[in-house]
Structure formats: structure tokens, C-alpha cells
Number of protein chains: 2
Amino acid sequence: MPAFRNPGQRAGLTRDRVLAVARELLVEHGMDGLTMRALAERIGVSPNALYSHVESKTALVDDLLDEVLAEVDAPALDVGDPIAGVHALMTSTYKVLLAHADLIPAYLARQGARGPHAQHLGDVMLALLERAGVTGSRAQEALHVLIVYTIGSAAFATRAPLASGESSPPTSRDHAAHFDHGLRWILAGITLPADYARSA
Amino acid sequence: MPAFRNPGQRAGLTRDRVLAVARELLVEHGMDGLTMRALAERIGVSPNALYSHVESKTALVDDLLDEVLAEVDAPALDVGDPIAGVHALMTSTYKVLLAHADLIPAYLARQGARGPHAQHLGDVMLALLERAGVTGSRAQEALHVLIVYTIGSAAFATRAPLASGESSPPTSRDHAAHFDHGLRWILAGITLPADYARSA
DNA sequence: ACCTGAACACCGTTCAAGT
DNA sequence: ACCTGAACACCGTTCAAGT
């Protein structure tokens with residue numbers, strides 16, 4: 001907060017640096033510790049300077065969450081079994097989320113991300129689902145249920161076991177197996193005929 | 001905020017009234033609209049007066065979320081199939097959550113509730129699981145995965161369909177059927193031998 | 001275009017009174 | 001015990017400068 005610069009003097013700040021320091025703050029002190037003012041202080045700039053590089057705090061967090069999704073491997077759109085492609089995509093997402101466990105509560109609160117990477121992954125998913133015969137609002141639903149399931153599973157896997165009972169705690173391999181079973185069930189449900197449950 | 005009372009004059013405020021108005025505010029304006037100051041203003045009291053009836057804002061929201069769980073039907077502990085009991089309990093919880101859809105984002109953010117009602121339902125669940133042969137940290141895990149799944153499913157069911165595509169949107173009956181399928185799968189997974197996935 | 005200083009309109013919470 | 005007034009230590013964001 002002390003003034004090393006006069007008005008008009010630049011700090012050499014970039015949008016990428018803002019995002020990087022924001023991520024540090026979030027990992028170190030959680031979502032409550034990520035404030036615009038704390039962020040500005042760590043960078044060494046006045047709080048309002050951030051608004052030259054970021055539209056709002058909400059947009060900043062959205063960008064943060066979206067950035068991580070760049071690490072997800074998107075399968076090819078037009079080769080192989082489309083449901084196998086969806087399976088691979090969600091499995092990769094699950095792994096990426098586990099690699100950034102500190103961000104999981106934020107994903108959970110927002111029920112996913114919203115930026116260009118999330119958009120792209122969503123488009124890939126919808127294209128794969130379409131090739132599998134799932135379209136329209138049913139595809140939108142399938143997308144959402146898969147996202148919620150994946151984030152929820154990642155949240156569950158990062159929960160420290162409460163250490164009661166005699167059996168050994170579940171390994172990350174156990175969690176991954178659990179995740180995989182559920183994923184396969186959901187995919188089976190999604191590809192059923194659309195009116196399988198329309199009866200009384 | 002205008003002063004109708006002098007210091008020392010009571011407003012006849014009760015803890016139940018604070019909770020009731022807090023719930024109004026949350027339903028009307030969402031989680032962001034529920035502030036201690038807005039709450040105090042609607043009640044007609046100064047903001048700090050609330051702290052005579054509530055420990056903190058966090059505790060207030062916790063109580064709010066917990067209160068709703070009083071509506072859940074807890075099955076008998078010691079009669080019938082315990083897994084059928086767990087199934088009935090989660091199904092009742094799902095229905096109660098849908099009946100208070102405005103609160104679902106808050107449950108999601110906190111991954112459940114924490115008060116006495118939540119505690120009681122958790123105890124019932126653990127007792128049922130124990131009768132089904134699931135104990136220790138594995139039971140804790142099962143509890144958590146069932147909670148996350150149920151809240152996530154309720155969140156999914158209350159999402160307005162995005163209205164693209166030719167097929168008719170899924171009914172609440174469809175959602176309930178989906179929820180039931182997933183619940184049965186999870187229960188099957190939970191009751192498998194503990195080391196089913198321990199291989200390489 | 002990018003920064004500072006100052007300010008606006010808020011927060012949750014505490015502390016010292018008053019009855 | 002329950003309330004008010006005032007204050008503390010914060011928020012996100014905007015506006016008017018300066019270069």
C-alpha cells in the first residue's frame with residue numbers, strides 16, 4: 001500500500017501475472033483469502049489498478065477456473081466410439097481436478113467453469129453425444145449431470161478420511177475405480193431410449 | 001435503521017423470528033441478499049442486535065439449512081433391510097431438498113448441513129450401514145458420497161432445461177427415476193467387499 | 001492505456017453503554 | 001438479558017486525476 005509510484009507511472013502489470021498471483025492466494029488461503037485488495041497488495045499495486053487487467057472479481061475467478069481446464073485432454077471428435085470419447089474426456093477432467101484439489105470447492109460452488117476452455121470441452125461433449133444419438137435438451141442435461149458427478153467425485157476423493165474404523169483408508173486407486181463405475185452407469189443411463197421412464 | 005427504541009428497550013425478538021426472516025431473505029434474493037444488515041433492517045432492529053440471538057452469520061446459515069432437514073423421514077433403525085432403509089432415507093432427503101429448491105446452492109457450497117438434524121440423520125445412516133456390514137472409514141465415505149450425490153441430483157433436477165432440441169423436457173418423474181437408478185448403483189458399490197478394487 | 005488517491009456503498013463483528 | 005450507537009477492520013468498485 002505505500003506509494004512507490006506516482007500516478008501515471010506503470011507497474012508493468014500483465015493479466016497473466018494477476019491470474020498467477022490470484023491462484024497463489026487461492027491455494028494458500030482459500031477462497032476467503034482471495035480478495036482484490038490482498039491480491040493488489042501482494043503484487044505491489046493499488047487495488048483499483050487490477051481493474052485495468054480484469055473486469056471484475058467474478059470474471060477473475062471464472063478465468064482462474066477455466067484456465068485449469070486447458071490441461072484436459074479432449075479426444076478426437078470423429079473417430080472411435082463417441083461414448084468411449086465422453087468417458088475419456090470425463091476421466092481426464094477428473095484427473096485434472098485432482099491435480100488442482102484446492103480449486104475444487106470453487107468449482108463445486110459454481111457447478112463448473114464457464115470460460116472458453118469449458119465452452120470448448122462442452123462443445124466436444126455435445127458433438128460426441130450427438131454422434132451417440134443424444135441431442136437437444138437431453139444432451140444439455142447429460143452434460144450437466146456428468147459435470148456435477150465429476151466435480152462431486154473429485155471433491156469426495158480429496159476429502160481426508162476421518163480415520164475411524166479398522167480397515168485401511170481407500171486409496172486414490174479406489175476412488176478412481178469408484179468414479180469409473182459411476183461414470184459408466186451414467187453413460188448407460190444417458191444412452192437409453194429417451195422415454196424409458198415416461199410410464200406411470 | 002431509524003431509532004424507534006432507546007438503548008435498553010426490547011424489540012421482542014426471538015431466535016425463531018430471526019431464522020424465519022433470514023429464510024425469507026434467502027428465498028427472495030438468494031445467498032447474496034442474505035446479509036446481517038439487511039436482515040436487521042427487515043426485522044426493524046440494529047444490525048448488532050442479531051448477535052443476542054445468533055452466534056454468527058455462518059451459524060445462522062447452518063441452522064437454516066439444518067432446520068429444513070427436520071422434514072426428512074428417518075426410517076426405523078432396527079427393522080427391515082438396512083440398505084432399503086438407507087434408500088428410503090436418501091429418497092426422502094431428495095424430496096425435501098426439491099421442496100426447498102432455493103436453498104440447494106447453499107447446501108452444495110457447504111456439501112451438506114451440520115446441525116443436530118443433519119447429525120441425527122448421519123447417525124441413522126451409519127447405524128443402518130453398520131447393520132449392512134459397512135463400518136469405519138468406509139462408512140464415513142459412503143455417507144459423504146451419498147450426500148454429495150443426493151444434493152448434486154437435486155441441483156440437477158431444479159436446473160431449468162435450456163429448451164433446445166425437439167424432444168420434450170424431462171419431467172420431475174424422469175429426474176426422480178434417474179436419481180433412483182444412481183442411488184441403487186451407489187448402494188450396490190458400497191456393499192461390495194471392501195477390497196474389491198485393491199488389485200493393480 | 002495504465003496507474004494512484006480518494007471515495008462510495010457496502011460488509012461482519014465488537015465494545016461500551018443504557019434499562 | 002436484550003437492545004442502541006459508534007466504531008473497527010474490512011470488502012468490491014468507480015471516478016477523477018496524472019503521465
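All values reported here derive from a predicted model rather than from experimental measurement. Naming: A, B, ... by sequence-line order, numbering from 1 per chain.
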Output the rounded distance in Å from CZ (R37(B)) to P (dC10(C)).
10 Å
Let's see if you can work this out: which of dC3(D), dA7(D), dC3(C) has an atom nearest to the side-chain heavy atoms of L13(A)?
dC3(C)
Per P7(B) side chain, nearest of listed nucleotides dC3(C), dG18(C), dT13(C)
dG18(C)
Residue-phosphate contact under 4.0 Å: T35(B) side-chain N/O, dC11(C) OP1/OP2:
yes
Pair E28(B) + R23(B), salt bridge at N-O below 4.0 Å
no
V45(A) has its side chain closest, among dT13(C), dT4(C), dC3(D), to dT4(C)
Verdict with reasoning, H87(A) to I186(A), per side chain to side chain contact (heavy atoms under 4.5 Å, CB included):
CA-CA 10 Å; H87(A) 181 275; I186(A) 292 171; over 6 Å; no
Shortest side-chain distance from R10(A), nucleotide among dC11(D), dA1(C), dC3(D):
dA1(C)
Within a reach of under 6.0 Å around NE2 of H120(A), are more than 12 heavy atoms found that belong to other residues, nucleotides or ligands?
no
When the aromatic ring centroids of Y149(B) and F179(B) are compared, is their separation below 6.0 Å?
yes
Measure from CG on L34(B) to C1' on dG12(C) and round the result to the nearest Å.
12 Å
So which heavy atom on L25(A) is nearest to which on G33(A), and how close?
CG-O, 3.8 Å
More than 12 heavy atoms of other groups within 6.0 Å of K57(A) NZ
yes
Mind calculating the distance between CD1 (I43(A)) and P (dC2(C)) to the nearest angstrom?
14 Å
Would you say a side-chain N or O of R5(B) is under 4.0 Å from OP1 or OP2 of dT4(D)?
yes
Dot-bracket for DNA chain C, 5' to 3', with Watson-Crick and G-U pairs under 3.5 Å, [ ] for crossing pairs and | for other-strand pairs: what is it?
||.|||||...|||||.||
Among dC2(D), dT14(C), dT13(D), the one nearest any side-chain atom of P47(A) is dT13(D)
Starting at CG of L39(A) and ending at C1' of dC11(D), how long is that distance when rounded to a whole Å?
14 Å
Set out, in order, the CA-CA distance, both residues' side-chain angles and the distance that settles side chain to side chain contact (heavy atoms under 4.5 Å, CB included) for R15(A) and V18(A), then state yes or no.
CA-CA 5 Å; R15(A) 188 189 142 83; V18(A) 173; 5.7 Å; no
Spacing of L50(A) atom CG relative to dA1(C) atom C1', expressed in whole Å:
16 Å
In this structure, how many angstroms lie between the P atom of dC11(D) and the CE atom of M31(A), rounded?
14 Å
For A49(A), answer base if it contacts any base atom (sugar-phosphate contacts may also be present), sugar-phosphate if it contacts only those atoms, and nothing otherwise; contact means non-hydrogen atoms under 4.0 Å.
base
M36(A) has its side chain closest, among dC3(D), dT13(D), dC2(C), to dT13(D)
Counting just side-chain N and O atoms, does H53(B) come under 4.0 Å of either OP1 or OP2 of dA1(D)?
no
Rounding to a whole Å, what distance do you find between E41(A):CD and dA9(D):C1'?
13 Å
Rounding to the closest angstrom, what is the interatomic distance between dC10(D) and dA9(C) at atom P?
22 Å
Whole-Å gap separating P (dA7(D)) and OH (Y51(B))
19 Å
Can you establish whether the number of heavy atoms outside E130(A) located under 6.0 Å from its atom CD is more than 12?
no
Short side-chain N/O contact from S46(B) to OP1 or OP2 of dT4(D), under 4.0 Å
yes
